[in-house]
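The next block holds one structure in the form of structure tokens; read it before the comments.
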Protein chains: 2
Amino acid sequence: MDTIGFEAHDHKGCVRDAIAAVETHCAEHKLQFTPVRRRVLEILLSEHRAMGAYEILDILRDEGLGSQPPVVYRALDFLVTHGFAHKIERLNAFIACTHPGQNHTPAFLICRQCDAVAEAHAEPSKGMLGRAAADTGFVIEQAVVEAMGLCPKCCKGAANCA
Amino acid sequence: MDTIGFEAHDHKGCVRDAIAAVETHCAEHKLQFTPVRRRVLEILLSEHRAMGAYEILDILRDEGLGSQPPVVYRALDFLVTHGFAHKIERLNAFIACTHPGQNHTPAFLICRQCDAVAEAHAEPSKGMLGRAAADTGFVIEQAVVEAMGLCPKCCKGAANCA
DNA sequence: TTGATAAATGTAACCCTATAACATATCAAC
DNA sequence: GTTGATATGTTATAGGGTTACATTTATCAA
């Protein structure tokens, strides 16, 4: 299971590696990994949590990389479209992908207390959802799977947490 | 399979029955099924699709039932809290529940072309998501499952739809 | 290398979604 | 009836996202 997100890890290294992987992927697919796009991904990777678009924009503004909403939304759109980042619908926020490049359907575990987010792997075509779709003739193109709850840390602190 | 939403059906009857069911449920649980709450549910049931809060508010305003956002958001909050309606995160919209009263985790099939929405049943604790949660010690309290794609009708009209 | 085309950015204005805060009214139960 | 809780009315504002259009930068073929 490739769930990541609730454990400690070598963070500088993981940021560096992820950027390098995206760089390679962009070169291979003739995608422009421009300064703004790169910086937005760096921010998401370093913070390692779900961030609002305007929160990211504040940082860009401080760095002179752009000051208007479309700047960050365009960068995020690029990152999400190519699978380098994901949108967490439930939070209206964005998070860097933990295994970019690979074609995948992400599922998220979101802690309601500390807002930590872990990315797992979903297979929407299988399971009950896939069966429901097949039964009705619905063709699934994309899926949002987001579980809210308590992460291990916050669960320990809670009174009566299962 | 209790997927509903892409088939024709006796609509007046289904609205009437659903309202009656909610009425009973509220009486049994000492919940106040007030005029605004009832009307919002009626609107959602009759339209039989995902509606934005402000779209609903427009109708309420025309009927003199309230003109400010909190009116509709409070009613929606009541309906969602008690499982009489659901929020579709992906659309920032709301839809009446197709089997109110029962405690359930809904999953939605959303047509990207005609915006039709069908409600199916999900079991987040099972499947890959449940396994990922169990592995990391995450406790799932609630889940959002939304599949985007093409409904049977729109699929037929599309060029190369699986 | 230059010129044409496409892609990306800068910027202003605006729209949609949602909540905070506080006053008022209504209900439920003793 | 009085009281405490629940629901509504209303103003203002916060937060998230897009449209539209001008300008610049990259790509690629001639």
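Because the structure is predicted, anything quoted here is derived from the model rather than measured. Computation of the quantities below employed the complete heavy-atom set of this structure, encompassing side-chain atoms and omitting hydrogens, waters and symmetry-equivalent molecules. Lettering follows sequence order; numbering is per chain, from 1.
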Quick one: sort the B:H104 and B:H99 rings into parallel, tilted or perpendicular, breaks at 30° and 60°.
tilted

same_hphob_cluster(A:V71, A:V40) at 4.5 Å side-chain heavy-atom cutoff
yes

What protein N or O atoms touch nucleotides 25-30 of chain C N or O atoms at under 3.5 angstrom, if any, and at what distances?
none

Under a criterion of less than 4.0 angstrom to any heavy atom of chain B, what are the 5'-terminal and 3'-terminal contacting nucleotides of DNA chain D?
D:dT6 to D:dT11

Pair B:R16 + B:E42, salt bridge at N-O below 4.0 Å:
no

For A:R37, side chain to side chain contact (heavy atoms under 4.5 Å, CB included) partners two or more places apart
A:Q32, A:F33, A:T34, A:A75, A:F78

Please identify each residue that fulfils salt bridge (charged side-chain N to carboxylate O under 4.0 Å, His left out) with B:D58, with sequence neighbours left out.
B:R61

Show every donor-acceptor pair shorter than 3.5 Å between a side-chain atom in residues 107-115 of chain B and any protein atom, with sequence neighbours excluded, or say none if there are none.
| from | atom 1 | to | atom 2 | distance (Å) |
| --- | --- | --- | --- | --- |
| B:R112 | NE | A:E141 | OE1 | 2.6 |
| B:R112 | NE | A:E141 | OE2 | 3.3 |
| B:R112 | NH2 | A:E141 | OE2 | 2.8 |

Any residue meeting ring-ring contact (aromatic ring centres under 6.0 Å, His included) with B:F94, in chain and number order, not counting sequence neighbours
none

Set of side-chain hydrogen bond (donor to acceptor under 3.5 Å, both in side chains) partners for A:E123, sequence neighbours left out:
none

Sequence neighbours excluded, every pair satisfying salt bridge (Lys or Arg N to Asp or Glu O under 4.0 Å) that has a member inside residues 21-32 of chain B:
B:E23-B:R38

Which pairs count as side chain to side chain donor-acceptor pair (under 3.5 Å) when at least one residue sits in residues 62-77 of chain B, sequence neighbours excluded?
B:R39-B:E63

If an axis is fit to five pairs at each end of the helix from C:dT1-D:dA30 to C:dC30-D:dG1, what is the angle between the two, to the nearest 10°?
40°

Check: A:H25 main-chain N/O paired with A:H29 side-chain donor or acceptor under 3.5 Å
yes

For nucleotides 16-21 of chain C, tabulate all protein N/O to nucleotide N/O atom pairs closer than 3.5 Å, reporting atom names and distance.
| from | atom 1 | to | atom 2 | distance (Å) |
| --- | --- | --- | --- | --- |
| C:dA18 | OP1 | B:K87 | NZ | 2.5 |
| C:dA18 | OP2 | B:Y73 | OH | 2.9 |
| C:dA18 | O5' | B:Y73 | OH | 3.3 |
| C:dA18 | N7 | B:Y54 | OH | 2.5 |
| C:dA18 | N6 | B:Y54 | OH | 3.3 |

State, with a plain yes or no, whether a side-chain heavy atom of B:C26 is found less than 4.5 Å away from one of B:F84.
yes

